[in-house]
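These notes are about the structure you will find just below.
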Amino acid sequence: MGSTSAHKNEGLGRRDVIKRSAALGLITVPTMSFLSACASGDSGSDDTVKKGKTSAKNPLGVNETAALDVVIFNGGFGDQYAKDAEKKYGEAYPKAKVKHTSTQKIQSQLQPRFNGGTPPDLIDNSGAEQMDMGVLVGKKQLLDLTPLMDAPSIDDPSKKVRDTLRPGVLEMGQFDGEQVWIMNYAYTVYGVWYSQTALDGLDAQYPENWDDMLALCAKAKKKGIAGWTYAGKYPYYLPFSLYPFIGKIGGREVLDKIDNLEPNAWKDPAVKSAFEAYYELYKKGYILKGTPGLTHIQSQTEWTKGKALFIPNGSWVENEAAPTTPKDFKMMVGAPSSLDSSDKLPFGTIWAAGGEPFIVPAKAKNPQGGMEQLRIMLSEESSKNFTTQVKSLSAFNGGTDGLTLSTALQSGVDALKKAGDNVVNPRLQDWYGKLQKEQIGTACLGEMMAGRLTPAEAIKKIQDYADAAAKDQSIKHYKHQ
């Protein structure tokens, strides 16, 4: 994964979105050696640079001559948008040297630096080697970004940065209380992605209920086209459409109970119904052959080649799959189909949230510089540059005036408008990374969709994993407030 996107949010109450449903972006499984290292990485010298003088132009007190060390995940969004924002930092502080590192090996490259107490000043903590957010927060490895949230925005000094963010973004960075630990820079719409051109070829519309979904998959199969594919090697992509499907069937409270690690949360009838519906895709032969062995890139490539109609993903997929996407593909995103008329939430219910998480380590040498770089990125100019380059909306609530949105990005905007208040935001992936990815995703969902576990067996295993996590006193536990 490693990138995220989209939504021109309108009519969503910031507290409603998160308090009732409330991450990313996202994808990672930290090793125990990393967790232990983070907990005890105190060997570095305390050589934080001296804070500069605060002023209207320098509200965070950046040291104008101090170097800035930035590490960016070079995934679906690339890193040019960050380089462009760093140039703005260099213009504001010409005496400061900016070091830019791009990598897909976030944990591998940064673990030694955290161990030694010499982490960078700003990190885009994303991708397959993303460091576990819940652990970083719980072990006090991150700087509280509240000063950034309360700083004046670049475009309108009468507004605080926190007041320029899309609904839910601020709360996504909060884990326990009002402190803000993470700045999710992109805004992602998760769901079922498809090609309108492919559906047109079948004289079909996006299926709004599960019976229609199965009928369309059957029709496609007769034409030699699979109904679905997914990242079989990373099956924690499946929840991008499965979790909002569960929430739609049983209501937000089901997802909240799952996030809270409540006893028997996974035994809710909504979970059973959703799992059985997805398992039916396997049983009827509607999954692209070989999918369990595909990476996220490979599954996206098979999809853009027209070998499958649907793929669960996030809105970074447009940019990530661009090299293989035909010009006439007409990429779109759909909310989960309704199971039936008894669903608690209406069709259009979708998962959307901040993603592409940026963090400033607690032991950063130039923490003010790290926050200032984020303040620059949260300007209208940087936001427009990001959207133009990577076809994703940023956390900045605006920045699209005068821009022509792609089909995929516009579909995300439209999906959010249709959802209205029915936006869900499961927190499991950022609260409990190992549970979400290794255990629920790989050990259970991946096995079920490959036909090696029944839905009942998968649910039992997941509940056992969740119960073990709830009892594990070595990890910090979080709950919806």
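We count residues from 1, following the sequence as given. All heavy atoms count here, side chains included; hydrogens, waters and symmetry mates do not.
- In this structure, a donor-acceptor pair under 3.5 Å is absent between the side chains of Asn260 and His480.
- The shortest heavy-atom contact between Cys444 and Tyr465 is SG-CE1, 3.8 Å.
- Of the possible polar contacts, one joining the Thr388 side chain to the Lys384 backbone as a donor-acceptor pair under 3.5 Å is found.
- Scanning both residues, Asp155 and Leu378, for their nearest heavy atoms gives OD2-O, 4.5 Å.
- With 3.5 Å as the limit, one finds a donor-acceptor pair spanning the side chains of Gln300 and Asn313.
- Although no hydrogens or angles enter the test, the distance criterion places no donor-acceptor pair under 3.5 Å between the side chain of Ser273 and the main chain of Ala270.
- The side-chain heavy atoms of Tyr243 and Val424, taken from C-beta on, include no pair separated by under 4.5 Å.
- Look at Lys272 and Glu276 and you find a salt bridge, because one of the NZ, NE, NH1 or NH2 atoms lies within 4.0 Å of a carboxylate O, short of that distance.
- One distance of note links CE of Met449 with CG of Leu242; it measures 8.5 Å at 0.5 Å rounding.
- Side-chain contact between Pro357 and Met183 is absent, with no heavy atoms from C-beta onward closer than 4.5 Å.
- Ring geometry for Trp351 versus Tyr190: interplanar angle of 30 to 60°, hence tilted.
- Ring-plane geometry between Phe358 and Tyr185 is classed as perpendicular, the angle between the planes exceeding 60 degrees on a 0 to 90 degree scale with a lower cut at 30.
- Residues Thr229 and Thr291 bring a donor and an acceptor atom of their side chains to less than 3.5 Å of each other.
- One distance of note links CG of Asp124 with CD1 of Ile106; it measures 6.0 Å at 0.5 Å rounding.
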Begin with the C-alpha distance, continue with both residues' side-chain angles, and end with the deciding distance and a verdict on salt bridge (Lys or Arg N to Asp or Glu O under 4.0 Å) for Glu381 and Lys88. CA-CA 10 Å; Glu381 181 180 3; Lys88 295 295 179 184; 3.0 Å; yes

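- Of all heavy-atom pairs between Met332 and Lys330, the closest is CG-O, 3.3 Å.
- For an aromatic pair to be called close, the ring centres must be under 6.0 Å apart, and Phe240 with Trp316 satisfies this.
- Under a 4.0 Å N-O distance rule, the pair Glu302/Lys307 qualifies as a salt bridge.
- A salt bridge is absent between Lys434 and Asp132; no separation between the charged side-chain nitrogens and carboxylate oxygens falls under 4.0 Å.
- Smallest separation of non-hydrogen atoms from Val333 and Gly191: CG2-CA, 4.1 Å.
- Side-chain contact between Val317 and Met331: present, with at least one pair of heavy atoms (C-beta onward) separated by less than 4.5 Å.
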So Met133 and Asn125, side-chain contact (heavy atoms from CB on, under 4.5 Å) or not? Walk me through it. CA-CA 9 Å; Met133 297 298 189; Asn125 182 30; 3.2 Å; yes

Just do the side chain to side chain donor-acceptor pair (under 3.5 Å) check on Thr349 and Asn422 with the steps written out, would you? CA-CA 5 Å; Thr349 298; Asn422 296 308; 4.6 Å; no

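- Between Thr304 and Thr324, the side chains place a donor N or O and an acceptor N or O closer than 3.5 Å (distance only, hydrogens not considered).
- A donor-acceptor pair is defined here as one N or O able to donate and one able to accept, closer than 3.5 Å; such a pair exists between the side chain of Lys248 and the backbone of Leu345.
- Remark: side-chain polar atoms of Glu356 are not paired, donor with acceptor, to backbone N or O of Asn184 under 3.5 angstrom.
- Scanning both residues, Glu318 and Ser406, for their nearest heavy atoms gives OE2-OG, 2.7 Å.
- His477 and Tyr432 have tilted rings, their planes meeting at an angle from 30° to 60° on a 0 to 90° scale.
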Steps toward side-chain contact (heavy atoms from CB on, under 4.5 Å) verdict (Asn397, Asp163): CA-CA 9 Å; Asn397 197 2; Asp163 298 324; over 6 Å; no

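- Residues Tyr286 and Met213 form no side-chain contact, since every pair of their non-hydrogen atoms from C-beta on lies 4.5 Å or further apart.
- No donor-acceptor pair closer than 3.5 Å links the side chain of Ser382 to the backbone N or O of Ala85.
- In this structure the side chain of Trp266 reaches within 4.5 angstrom of the side chain of Ile258, judged on heavy atoms.
- In this structure, the side chain of Lys437 engages the main chain of Gln429 through a donor-acceptor pair within 3.5 Å.
- Atoms CE and CD1, on Met377 and Ile154 in that order, are 12.0 Å from each other to the nearest 0.5 Å.
- Judged purely by distance below 3.5 Å, without hydrogens or angles, the side chains of Thr146 and Glu178 never pair a donor atom with an acceptor atom.
- Other residues, nucleotides and ligands place no more than 12 heavy atoms under 6.0 Å from the CG atom of Asp203.
- With rounding to the nearest 0.5 angstrom, the CG atom of Leu453 is 11.5 Å from the NZ atom of Lys460.
- Counting heavy atoms from C-beta outward, Phe310 and Ser241 have side chains that stay 4.5 Å or more apart.
- Residues Trp228 and Tyr194 place their aromatic rings such that the two centres sit no closer than 6.0 Å.
- Between Asp256 atom CG and Arg252 atom CZ the span is 8.5 Å, to the nearest 0.5 Å.
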Please determine whether side-chain contact (heavy atoms from CB on, under 4.5 Å) holds for the pair Thr387 and Leu403, giving the CA-CA distance in whole Å, both sets of side-chain angles, and the decisive distance to 0.1 Å. CA-CA 9 Å; Thr387 299; Leu403 299 183; 4.0 Å; yes

Derivation and outcome, salt bridge (Lys or Arg N to Asp or Glu O under 4.0 Å), residues Lys257 and Asp268: CA-CA 10 Å; Lys257 289 176 182 178; Asp268 190 281; 5.3 Å; no

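- Here the straight-line distance linking atom NZ of Lys461 with atom CD1 of Ile440 works out to 12.0 Å at 0.5 Å rounding.
- Residues Trp210 and Phe245 place their aromatic rings such that the two centres sit under 6.0 Å apart.
- Looking at every heavy atom in both residues, Gly412 comes nearest to Val189 through O-CG2, 4.1 Å.
- Using a 4.0 Å cut-off between charged side-chain N and carboxylate O, Arg375 and Glu372 make a salt bridge.
- Side chains of Gln179 and Trp181 form a contact here, defined as non-hydrogen atoms less than 4.5 Å apart.
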Is there a side-chain contact (heavy atoms from CB on, under 4.5 Å) between Ile72 and Tyr81? Walk through the geometry before answering. CA-CA 10 Å; Ile72 299 294; Tyr81 74 94; 4.2 Å; yes

Working note: Gln389 + Asp84, criterion side chain to side chain donor-acceptor pair (under 3.5 Å); need CA distance, chi angles, decisive distance, verdict. CA-CA 11 Å; Gln389 285 192 25; Asp84 292 343; 2.6 Å; yes

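- Side chains of Ser338 and Asn209: no donor on one and acceptor on the other come within 3.5 Å.
- No side-chain heavy atom of Gln130 sits under 4.5 Å from any side-chain heavy atom of Gln107.
- Environment of NZ in Lys159: sparse, with no more than 12 heavy atoms of neighbouring residues, nucleotides or ligands closer than 6.0 Å.
- No more than 12 heavy atoms of other residues, nucleotides or ligands shown are found within 6.0 angstrom of NZ on Lys344.
- Side-chain atoms of Tyr282 never come within 3.5 Å of backbone atoms of Met448 as a donor-acceptor pair (strictly under, hydrogens ignored).
- A ring-centre distance under 6.0 Å is not found for Tyr230 and Tyr237.
- No donor-acceptor distance shorter than 3.5 angstrom exists from the side chain of Thr442 to the backbone of Gln439, with no hydrogens or angles considered.
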